[in-house]
**Q** 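Below: one structure in structure tokens.
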Amino acid sequence: MSDITIRQPSQTTLYLDLITRAAADPNVDVAKMQALLDMQERIMGRQAEMEFNTAFSAMEPKIPRIKKDGLVEYKGSKAFKFATWEAIDHAIRPILREHGFSLSFQTAPAPNGMTVTGTLLHTSGHSRSSSILLAVDTSGGKNAIQGTGSTFSYGCRYTTRMLLNIVTDDDDDGRRGGMEFITPAQVDQLLAAMNSTKTDIDRFFQVMGIEAATVSEIEARDLPRLLNALETKRQKMEGKS
């Protein structure tokens, strides 16, 4: 004789059954029925969120570190590497599907740019969203359509990274091999300083004794003297004008 396992209905199921029966009762007045339906919606929402969180906890350990396969150049020199949207999508799509998740993206106009919103949706019906405000990318002589496409791709990459806690191949809190490297914000700061002083990256690295393949691989300890050198150059340029 085989063992038979009898599954007891969950408390959530019992609540929903009770609400359904009460809502079908013609003696329940409209106000009470609306209150019951509101309660049913809240219970179902909490259940969907629980299923989302359970599935996300099971999926997160499977999200791999993504290799930085893209390269941004500055005046013909290597500035920094990044993980392209194609590489991220290729790595995560099968894992998302396995755990009942999907991604969607929307854009909204913003002053001098756009807001890109990424949404992680689960089959339970619960979702989580993340947004980023971006200026339109006009680098490299891009026209309006190309700039919008580039900006949208950037937004997809970064909202997905935020939603899934994705780490790229050399992101470990700015430390690699025991050395501390400059942050993305400091990369932007340094590039802006070089741009304003019309500084060639390769020559600047050589003069300053920097042995780095890209700006993002500059050690944090070198940043102050690099910025000081660029500020001195800027002041000299302004003095000549």
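One is the number of the first residue; the rest follow in order along the sequence.
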**Q** Suppose we screen for side-chain contact (heavy atoms from CB on, under 4.5 Å). Which residues come up paired with Ala110, at least two apart in sequence or across chains?
**A**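 Per chain and number, Ala110 pairs via side-chain contact (heavy atoms from CB on, under 4.5 Å) with Thr115, Leu133.
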
**Q** Establish, from distance only, whether the side-chain atoms of Thr119 and Ser129 form a donor-acceptor pair under 3.5 Å.
**A**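 Short answer, yes.
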
**Q** Please test Tyr158 against Leu134 for side-chain contact (heavy atoms from CB on, under 4.5 Å), starting from the C-alpha separation and ending with a verdict.
**A** CA-CA 11 Å; Tyr158 279 85; Leu134 299 167; over 6 Å; no

**Q** If the condition is side-chain contact (heavy atoms from CB on, under 4.5 Å), which residues does Leu227 pass it with, not counting sequence neighbours?
**A**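 Partners of Leu227 under the side-chain contact (heavy atoms from CB on, under 4.5 Å) test: Gln189, Leu190, Ala193, Leu223.
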
**Q** Starting at CG of Asn165, measure out to CD of Glu60 and round the result to the nearest 0.5 Å.
**A**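 Nearest 0.5 Å value for the CG-CD distance: 4.5 Å.
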
**Q** When rounded to the nearest 0.5 angstrom, what distance separates CD1 in Ile210 from CD in Gln206?
**A**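 Between atom CD1 of Ile210 and atom CD of Gln206 there are 12.0 Å.
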
**Q** Is the backbone of Gly149 close enough, under 3.5 Å, to the side chain of Ser153 for a donor and an acceptor to pair up by distance?
**A**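 Pair absent, no side-chain N/O of Ser153 close to backbone of Gly149.
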
**Q** Might you work through the side-chain contact (heavy atoms from CB on, under 4.5 Å) test for Asp222 and Arg225, ending with a clear yes or no?
**A** CA-CA 6 Å; Asp222 290 323; Arg225 69 184 182 89; 3.4 Å; yes

**Q** Restricting to side-chain hydrogen bond (donor to acceptor under 3.5 Å, both in side chains), what partner residues turn up for Asn228, sequence neighbours left out?
**A**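 Here no residue qualifies.
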
**Q** Quick check for you: to the nearest 0.5 Å, what is the distance between Thr160 atom OG1 and Leu120 atom CG?
**A**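 Output value for this atom pair is 9.0 Å.
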
**Q** What's the spacing between Asn195 CG and Leu191 CG if we round to 0.5 Å?
**A**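 The CG atom of Leu191 is 8.5 Å from CG of Asn195, to the nearest 0.5 Å.
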
**Q** Residues in side-chain hydrogen bond (donor to acceptor under 3.5 Å, both in side chains) with Ser124, at least two apart?
**A**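 Only His122 meet the side-chain hydrogen bond (donor to acceptor under 3.5 Å, both in side chains) criterion with Ser124.
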
**Q** May I have the step-by-step check of side-chain contact (heavy atoms from CB on, under 4.5 Å) for Leu121 and Phe101, ending in yes or no?
**A** CA-CA 6 Å; Leu121 177 66; Phe101 288 97; over 6 Å; no

**Q** Looking at Pro64 and Ile95, what are the two nearest heavy atoms and their distance?
**A**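 Of all heavy-atom pairs spanning Pro64 and Ile95, the closest is CD-CD1, 3.8 Å.
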
**Q** Check residues 83-92 and write down every donor-acceptor pair under 3.5 Å in which the side-chain atom is one partner and the other belongs to a residue at least two apart or another chain.
**A**
| unit_1 | atom_1 | unit_2 | atom_2 | d |
| --- | --- | --- | --- | --- |
| Thr84 | OG1 | Asp69 | OD1 | 3.1 |
| Thr84 | OG1 | Asp69 | OD2 | 2.8 |
| Thr84 | OG1 | Ala87 | N | 3.2 |
| Asp89 | OD1 | Arg93 | NE | 3.4 |
| Asp89 | OD1 | Arg93 | NH2 | 2.9 |
| Asp89 | OD2 | Arg93 | NE | 3.3 |
| Asp89 | OD2 | Arg93 | NH2 | 3.3 |

**Q** Any pair with a residue in residues 43-53 that passes salt bridge (Lys or Arg N to Asp or Glu O under 4.0 Å), sequence neighbours left out, goes on the list, sorted by first then second residue, please.
**A**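 Qualifying pairs: none.
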
**Q** Sequence neighbours left out, what passes side-chain hydrogen bond (donor to acceptor under 3.5 Å, both in side chains) with Thr232? Give chain and number order.
**A**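 Once residues adjacent in sequence are excluded, Thr232 has no partner under the side-chain hydrogen bond (donor to acceptor under 3.5 Å, both in side chains) criterion.
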
**Q** Quick one: which residue pairs count as a ring pair (Phe, Tyr, Trp, His ring centres under 6.0 Å) with a foot in residues 216-239, not counting sequence neighbours?
**A**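 Output for this query is empty, none listed.
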
**Q** Can you tell me which residue pairs pass the salt bridge (Lys or Arg N to Asp or Glu O under 4.0 Å) test with a partner in residues 98-118, sequence neighbours excluded?
**A**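 Residue pairs passing salt bridge (Lys or Arg N to Asp or Glu O under 4.0 Å), neighbours aside: Lys62-Glu98.
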
**Q** Check Phe204 against Ala229 and note the closest heavy-atom contact, atom names and distance.
**A**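 Nearest pair, atom of Phe204 first, then Ala229: CE1-CB, 4.3 Å.
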
**Q** What residues, two or more places apart in sequence or in another chain, satisfy side-chain contact (heavy atoms from CB on, under 4.5 Å) together with Thr148?
**A**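 With neighbours one apart ignored, the set is Met114.
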
**Q** Rounded to the nearest 0.5 Å, what's the gap from NE2 on His99 to OG1 on Thr123? Could you check?
**A**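 Separation between the atoms: 11.5 Å.
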
**Q** Check Met237 against Ser196 and note the closest heavy-atom contact, atom names and distance.
**A**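 So the two residues come closest at CE-O, 4.2 Å.
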
**Q** Working to the nearest 0.5 angstrom, can you tell me the gap between Ser150 OG and Ile145 CD1?
**A**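 That separation rounds to 13.5 Å.
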
**Q** Could you list the residues that satisfy side-chain hydrogen bond (donor to acceptor under 3.5 Å, both in side chains) with Ser131, not counting sequence neighbours?
**A**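 With neighbours one apart ignored, the set is Thr117.
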
**Q** Arg128: what forms a side-chain contact (heavy atoms from CB on, under 4.5 Å) with it, not counting sequence neighbours?
**A**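 With neighbours one apart ignored, the set is Phe52, Asn53, Phe56, Leu163.
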
**Q** Using side-chain contact (heavy atoms from CB on, under 4.5 Å), reason through Ile218 and Phe205 one step at a time and then give a plain yes or no.
**A** CA-CA 10 Å; Ile218 291 174; Phe205 279 11; 3.8 Å; yes

